[in-house]
S.K.: 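Take a look at this one; I'll ask things after.
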Amino acid sequence: MNYNFAQIEKKWQDIWDAKNVFAATDDYSKPKYYALVEFPYPSGKGLHVGHPRSYTALDIVSRKRRMEGYNVLYPMGWDAFGLPTENFAIKNHIHPEIVTRQNVDRFKSQLKSLGLSFDWNREVNTTDPNYYKWTQWIFLQLFKKGLAYKKEMSVNWCTSCKCVLANEEVVGGVCERCGSEVVHKVKSQWMLKITAYAQRLIDDLEKVDYIDRVKTSQINWIGRSTGAEVDFATTAGDVLTVYTTRPDTLFGATYMVISPEHPYIEKWADRIENLDKIKEYRAEAAKKSDFERTELVKDKTGVKIEGVMGINPVNGKEIPIFISDYVLMTYGTGAIMAVPAHDTRDWDFAKKFDLPIIEVVKGGQVEEEAFTDCETGIMVNSDFLDGLTVEEAKGKIKTWLEEKGKGHAKVNYKLRDWVFSRQRYWGEPIPIVHCEKCGYVPLPESELPLTLPEVDSYEPTESGESPLAKMTDWVNTTCPHCGGPAKRETDTMPQWAGSSWYFMRYCDPNNNDALAAKEALDYWLPVDWYNGGMEHTTLHLLYSRFWHKFLYDIGVVSTPEPYAKRTSHGMILGENGEKMSKSRGNVVNPDEIVGEYGADTMRLYEMFIGDFEKSAPWSSSSIKGCKRFLDRVWNLQEHLTDGEAYRPELEIAMNKAVKKVTEDIEQLKFNTAIATMMALLNDIADTGCVNHREYKALLTMLNPFAPHITEEIWEQQGFGGMLNQQKWVGFDPDKCVEATVEIVVQLAGKIKARLNLPADSSKEAVLAAAKADSAIAALIDGKTILKEIYVPGKLVNLVVK
RNA sequence: GCGGGAGUGGCGGAAUGGCAGACGCGCUGGUCUUAGGAGCCAGUUCUCCGGAGUGUGGGUUCAAGUCCCAUCUCCCGCACCA
């Protein structure tokens, strides 16, 4: 008989809601557990089947923790500022706030239909003024500490829409919406100095338990490199400083390159004989889109600067200086020394412009290609460095540079400061006013939140300013400092802002005096287990760690790191193995799955689909197996017998299963935990019945995975109380081993026989039994045993000659 | 190009260096049935029945899907970072 999942699931969701059973308490004397999943962006498309994979996983952990006696915080909220909502609002002339509310309602009812044990009392929404008040407050603290500043920055500009685009809106070098060309335009932008935290963001990864691939991508993203800044004198009489990771190759530097945006072009204007050509190249480079730049990676371009030469500090040789767009103004000093013999890009450039290539590390064929893989090589053609290893030369040259005052060791990071402005409506207003007299002045904290004004149109202006710029009543204000006329900042914050601290707000979501009470933060933080997608392992994770560290520095939080443990789930792909998308027509709608099979089956299937950390294709037939399993668990009710202890024939199977499920949940091995329960059910079914004790244990283990059906059975059988409030099942380690074990007997690694022996047999007894086995005896007859390997409880391997 | 991950039955996937293919799907046969796209039972890597099998080629080991070296393919992220 099939069970009526629709009715049962609704019933229990209502009961849990009414009784508030999953609320975290403010009793700070209890042991706490903070489980966190990334709060979703409530898009108009509704929940994706990928969302519940993460949510169910930590729901299982949370439910288990509650059964283990922890005060569990498992919250949910909405990362609701953002472009799709704004674009939808523009297109349909609906206020983004209304769009957001509709989307949130839909998402919330979808999540509720899955029976996730979120504490809905602590729901947060980044677009709520009571929330973004504190996002703005954090920004003000950053500003006060000099970590927020304004800077001229190149931004993406759609030539057709005439507006600024976020990087995410630029797809393949063209505008995501209209498909026209995107170019760079310089605008003044708010920046956050995340680079000041670069080293700590690397170092403190040692303090946390993140899966390795997450740590690795964080480290790679920050991109630390060690080298030296070297001062090259020029014939213009000034000094051009370059950054290099290979100061040891200085004797091989045969030319220099500066970025097209380098300020020295202005400085040298009078001396440059081909200034027109240089300026023309610079204009071309500025016009190039990112797309073109990357397309042309292989084909180096550039112009030689006529009239100024660089002087190599190690040998006094004059070398030419070029401008080329392969040198970026945003990294290092915007200028490089080129060593074509040992750098592929320099080599390509040197070949094209017919520049000398001087080998300084032995071992390559530098006329054929750049010899870059030379860290173990020996220096040549390098005067006082000759004969040294690369490693030794690096040390010696750094000392030499410092002694001569021509340079110093230097660490650089690929990480750039965070561009924090968006010329958009649907984001947190930046709480700064600009006064002619006083400059950028922070809004007094008492004036927070600075709420978004009503506007008629959400579209960016022709000049690329935020739609807020059109609201002159709002823009024109008085300076909080001098009282004179001033203008409000019209840019808003990026979507990353609200999500950089949301886990703090959950600790105390309704606080009006602080982002959260100190004792609440001290009790709940750090987050004990944070799970989310790999797509957020660089930006979101880095940004929120940065903010947390800053708040730690100013005493708001008491831990240097926000998340003690970070794991990541794989994507759920469409049935054809491709990423789910409307255009591919392979989208699975979670509502339909819940409607057809129920939430418990859906949850179970998403956990059973494969290795939690890897991506897996959806299968509309495999899910039936999970439904069948639950049906069989339900039907076990018809075969229930008395008995408050495991029956002897099931004792070991029960204990082993409990142990396995208990351990697997902690290791993200939900798929094998479920397989274990399925196998256990098969064992129970083989006996023709189930007793109370066995059934209770099975239901308790299964409850975090399939909370509704198990709760219903528990109630129908009158097992007492609510199942979710029972104690987690224990196991007896001594009862996890069978009395007899099958020992495999191998001859030189090939299986030749199997023996059933008591588990406590001695090595001698097992070996004797193996040799006595008729098949083995025949095979080893007349041969010498060279080696006997015995793996307790598993196998015997005999090596004979 | 750089970084990360993965290659195991028809499919999703299991396997602290120790019995490869747990568990599930699908399929085959049986049973029950007016009926079965329900339930239950049995079987299901290939095989010339000796064996052979974890992308390919080497190696270490008593023993390799697992460790080492080389190589191929696929997926994801970054993309001239000096």
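Proteins come first, then strands; the chains are lettered A, B, ... in the order of their sequence lines, and each starts at number 1.
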S.K.: Within the 3.5 Å criterion, strictly below it, is a donor on A:Asn531 or A:Thr567 matched to an acceptor on the partner's side chain?
M.R.: yes

S.K.: Between B:A22, B:G24, B:A82, spot the one nearest the side chain of A:Asp343, thanks.
M.R.: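 Nucleotide nearest to A:Asp343's side chain: B:A82.
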
S.K.: What's the CE-P distance between A:Met580 and B:C76, to the nearest Å?
M.R.: 15 Å

S.K.: Pairing donors with acceptors under 3.5 angstrom, does anything connect the side chains of A:Thr301 and A:Tyr281?
M.R.: yes

S.K.: To the nearest Å, how far apart are A:Ile743 CD1 and B:G18 P?
M.R.: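 To the nearest whole Å, that distance equals 15 Å.
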
S.K.: Roughly how far apart, to the nearest Å, are B:C19 and B:C78 at atom P?
M.R.: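 These two P atoms come out 41 Å apart once rounded.
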
S.K.: Grab the CD1-P distance between A:Ile222 and B:G77 for me, whole Å please.
M.R.: 20 Å

S.K.: Do the side-chain N or O atoms of A:Asn682 get closer than 4.0 angstrom to the phosphate oxygens (OP1, OP2) of B:G24?
M.R.: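 Checking B:G24 against A:Asn682, a side-chain N or O does come within under 4.0 Å of OP1 or OP2.
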
S.K.: Grab the NZ-C1' distance between A:Lys669 and B:G13 for me, whole Å please.
M.R.: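 A:Lys669 atom NZ is separated from B:G13 atom C1' by 13 Å.
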
S.K.: Reckon A:Arg224 touches a base, only the sugar-phosphate, or nothing at all at heavy-atom distances under 4.0 Å?
M.R.: nothing

S.K.: Please determine, for the side chain of A:Val327, which listed nucleotide (B:A82, B:C80, B:C62) has the closest atom?
M.R.: B:A82

S.K.: Syn if the chi torsion is within 90° of 0, anti otherwise; quick check, which is B:G53?
M.R.: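 What B:G53 shows is an anti base, its glycosidic angle lying more than 90° from 0.
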
S.K.: Need one value for A:Ser619: base, sugar-phosphate or nothing, where a base atom within 4.0 Å counts as base even if backbone is also close, heavy atoms only.
M.R.: nothing

S.K.: Could you tell me how far B:A22 sits from B:A14 if I compare only their C1' atoms? Round to whole Å.
M.R.: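 To the nearest whole Å, 5 Å.
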
S.K.: Nearest-Å distance, CG (A:Asn635) to P (B:G39)?
M.R.: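 Whole-Å distance recorded here is 10 Å.
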
S.K.: Ignoring backbone atoms, test whether A:Arg213 places a side-chain nitrogen or oxygen under 4.0 Å from the OP1 or OP2 oxygen of B:C76.
M.R.: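 It does not, given that no N or O in the side chain of A:Arg213 lies less than 4.0 Å from OP1 or OP2 of B:C76.
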
S.K.: Assign the ring pair A:Tyr543 / A:Trp418 to parallel, tilted or perpendicular, where the plane angle (0 to 90°) is split at 30° and 60°.
M.R.: parallel

S.K.: Looking at every strand, decide which applies to A:Ile751 at a 4.0 Å heavy-atom threshold: base, sugar-phosphate, or nothing.
M.R.: sugar-phosphate

S.K.: Mind checking who B:C2 pairs with, Watson-Crick or G-U wobble, both distances under 3.5 Å?
M.R.: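 Its partner is B:G77 (Watson-Crick or G-U wobble, both distances under 3.5 Å).
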
S.K.: Contact class for A:Ile789 (heavy atom, under 4.0 Å): base, sugar-phosphate, or nothing?
M.R.: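 Result for A:Ile789 = base.
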
S.K.: Identify whether any heavy atom of A:Glu613 sits under 4.0 Å from a base atom; if not, whether one sits that close to sugar-phosphate; answer base, sugar-phosphate or nothing.
M.R.: nothing

S.K.: Between A:Ile202 (CD1) and B:G3 (C1'), how many Å, whole number?
M.R.: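 For the pair A:Ile202 CD1 and B:G3 C1', the rounded distance is 15 Å.
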
S.K.: Between B:U54 and B:G9, how far is it from one C1' atom to the other, in whole Å?
M.R.: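 Going atom to atom, C1' in each nucleotide, I get 10 Å.
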
S.K.: Mind checking the C1' distance from B:U66 to B:U33? Whole angstroms is fine.
M.R.: 50 Å

S.K.: Measuring from the side chain of A:Thr672 (C-beta onward, heavy atoms only), which nucleotide among B:C40, B:A22, B:C25 has the closest atom?
M.R.: B:A22

S.K.: Looking for any heavy atom pair under 4.0 Å, which part of the strands does A:Thr330 touch: base, sugar-phosphate only, or nothing?
M.R.: nothing

S.K.: I want to check one thing: is the phosphate of B:A82, taken as OP1 and OP2, less than 4.0 Å away from some side-chain N or O of A:Ser225?
M.R.: yes

S.K.: Assign A:Thr244 to base, sugar-phosphate, or nothing according to its heavy-atom contacts below 4.0 angstrom with the strands shown.
M.R.: sugar-phosphate

S.K.: Determine the interatomic distance between P on B:C41 and the same-named atom on B:C32; round to the nearest Å.
M.R.: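 Nearest-Å result for B:C41 against B:C32 at atom P: 15 Å.
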
S.K.: Counting only side-chain heavy atoms from C-beta out, which of B:G26, B:A82, B:C23 sits nearest to A:Lys414?
M.R.: B:A82

S.K.: As a test of reading the structure: which of B:A82, B:A15, B:G12 is closest to the side chain of A:Ile336, going by heavy atoms?
M.R.: B:A82

S.K.: Can you tell me, in whole Å, how much space there is between the P of B:G24 and that of B:C40?
M.R.: 11 Å

S.K.: May I ask you to say what A:Val799 touches in the nucleic acid, namely base, sugar-phosphate or nothing, with a heavy-atom cut-off under 4.0 Å?
M.R.: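 Sugar-phosphate: the residue A:Val799, judged by heavy atoms under 4.0 Å, touches backbone atoms but no base.
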
S.K.: Would A:Leu385 and A:Leu250 satisfy side-chain contact (heavy atoms from CB on, under 4.5 Å), going step by step from the backbone distance to the final call?
M.R.: CA-CA 10 Å; A:Leu385 299 178; A:Leu250 251 169; over 6 Å; no

S.K.: If only atom types and distance count, is the side chain of A:Asp325 paired as donor or acceptor with the main-chain N or O of A:Ala285 below 3.5 Å?
M.R.: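 Here the side-chain-to-backbone pair does not exist.
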
S.K.: For A:Lys215 and B:G3, is the shortest distance between a side-chain N/O and OP1 or OP2 below 4.0 Å?
M.R.: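 Result: no.
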
S.K.: Tell which nucleotide pairs with B:G65, taking only Watson-Crick or G-U wobble pairs whose two distances are both under 3.5 angstrom.
M.R.: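 Paired with no nucleotide.
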
S.K.: Checking all strands, does A:Asn671 fall into the base, sugar-phosphate, or nothing category for heavy-atom contacts under 4.0 angstrom?
M.R.: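 A:Asn671: backbone/sugar contact only, no base atoms under 4.0 Å.
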
S.K.: On RNA chain B, nearest-nucleotide positions of A:Lys624 versus A:Ile609: which is more 5'?
M.R.: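 Between the two, 5'-proximity favours A:Ile609.
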
S.K.: Counting only side-chain nitrogens and oxygens, does A:Lys794 get under 4.0 Å of the OP1 or OP2 atom of B:G18?
M.R.: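 For A:Lys794, the contact criterion (side-chain N or O under 4.0 Å from OP1 or OP2 of B:G18) is not met.
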
S.K.: Using distance alone, with no hydrogens and no angle criterion, decide if A:His536 and A:Glu38 have a side-chain donor and acceptor under 3.5 Å apart.
M.R.: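 Yes - a donor-acceptor pair under 3.5 Å links their side chains.
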
S.K.: Where the side chain of A:Val744 is defined as all heavy atoms beyond and including C-beta, which of B:A82, B:G12, B:C19 is the nearest nucleotide?
M.R.: B:C19

S.K.: Syn or anti for B:G29, please, going by whether the chi angle lies within 90° of 0.
M.R.: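 Here the answer is anti: the torsion falls beyond 90° from 0.
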
S.K.: Determine the Euclidean distance between corresponding C1' atoms of B:G65 and B:A15; express it in Å to zero decimal places.
M.R.: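 The same atom, C1', in both gives a distance of 9 Å.
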
S.K.: Do the side-chain N or O atoms of A:Asn220 get closer than 4.0 angstrom to the phosphate oxygens (OP1, OP2) of B:G77?
M.R.: no

S.K.: Does the side chain of A:Asn682 come under 3.5 Å of the side chain of A:Arg632 through a donor N or O and an acceptor N or O?
M.R.: yes

S.K.: Looking at every heavy atom in both A:Asn586 and A:Ser581, which two are closest together, and how far apart are they?
M.R.: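 That closest heavy-atom pairing would be OD1-N, 2.9 Å.
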
S.K.: Could you state the CD-C1' distance from A:Gln746 to B:A20, rounded to the nearest angstrom?
M.R.: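 It works out to 13 Å between those atoms.
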
S.K.: Strictly below 4.0 Å: does A:Arg628 bring a side-chain N or O up to OP1 or OP2 of B:G24?
M.R.: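 No, A:Arg628 has no side-chain N/O under 4.0 Å of OP1/OP2 on B:G24.
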
S.K.: Mind checking if A:Asp611 touches a base, just sugar-phosphate, or nothing, with heavy atoms under 4.0 Å?
M.R.: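 Touches sugar-phosphate only.
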
S.K.: Less than 6.0 Å separating the ring centroids of A:Tyr255 and A:Phe349?
M.R.: yes

S.K.: Would you mind reading off the distance between A:Asp773 atom CG and B:C19 atom P, rounded to a whole angstrom?
M.R.: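 To the nearest whole Å, that distance equals 19 Å.
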
S.K.: Can you check the distance between B:G13 and B:G7, where both ends of the measurement are the P atom (answer in whole Å)?
M.R.: 9 Å

S.K.: Among B:G51, B:G3, B:A6, which nucleotide sits nearest the side chain of A:Thr216?
M.R.: B:G3

S.K.: Side chain of A:Phe608, heavy atoms from C-beta onward: which of B:C25, B:G12, B:A82 has the nearest atom to it?
M.R.: B:G12

S.K.: Let me know, please, whether A:Trp221 or A:Asp212 comes out on the 5' side of the other along RNA chain B by nearest nucleotide.
M.R.: A:Asp212

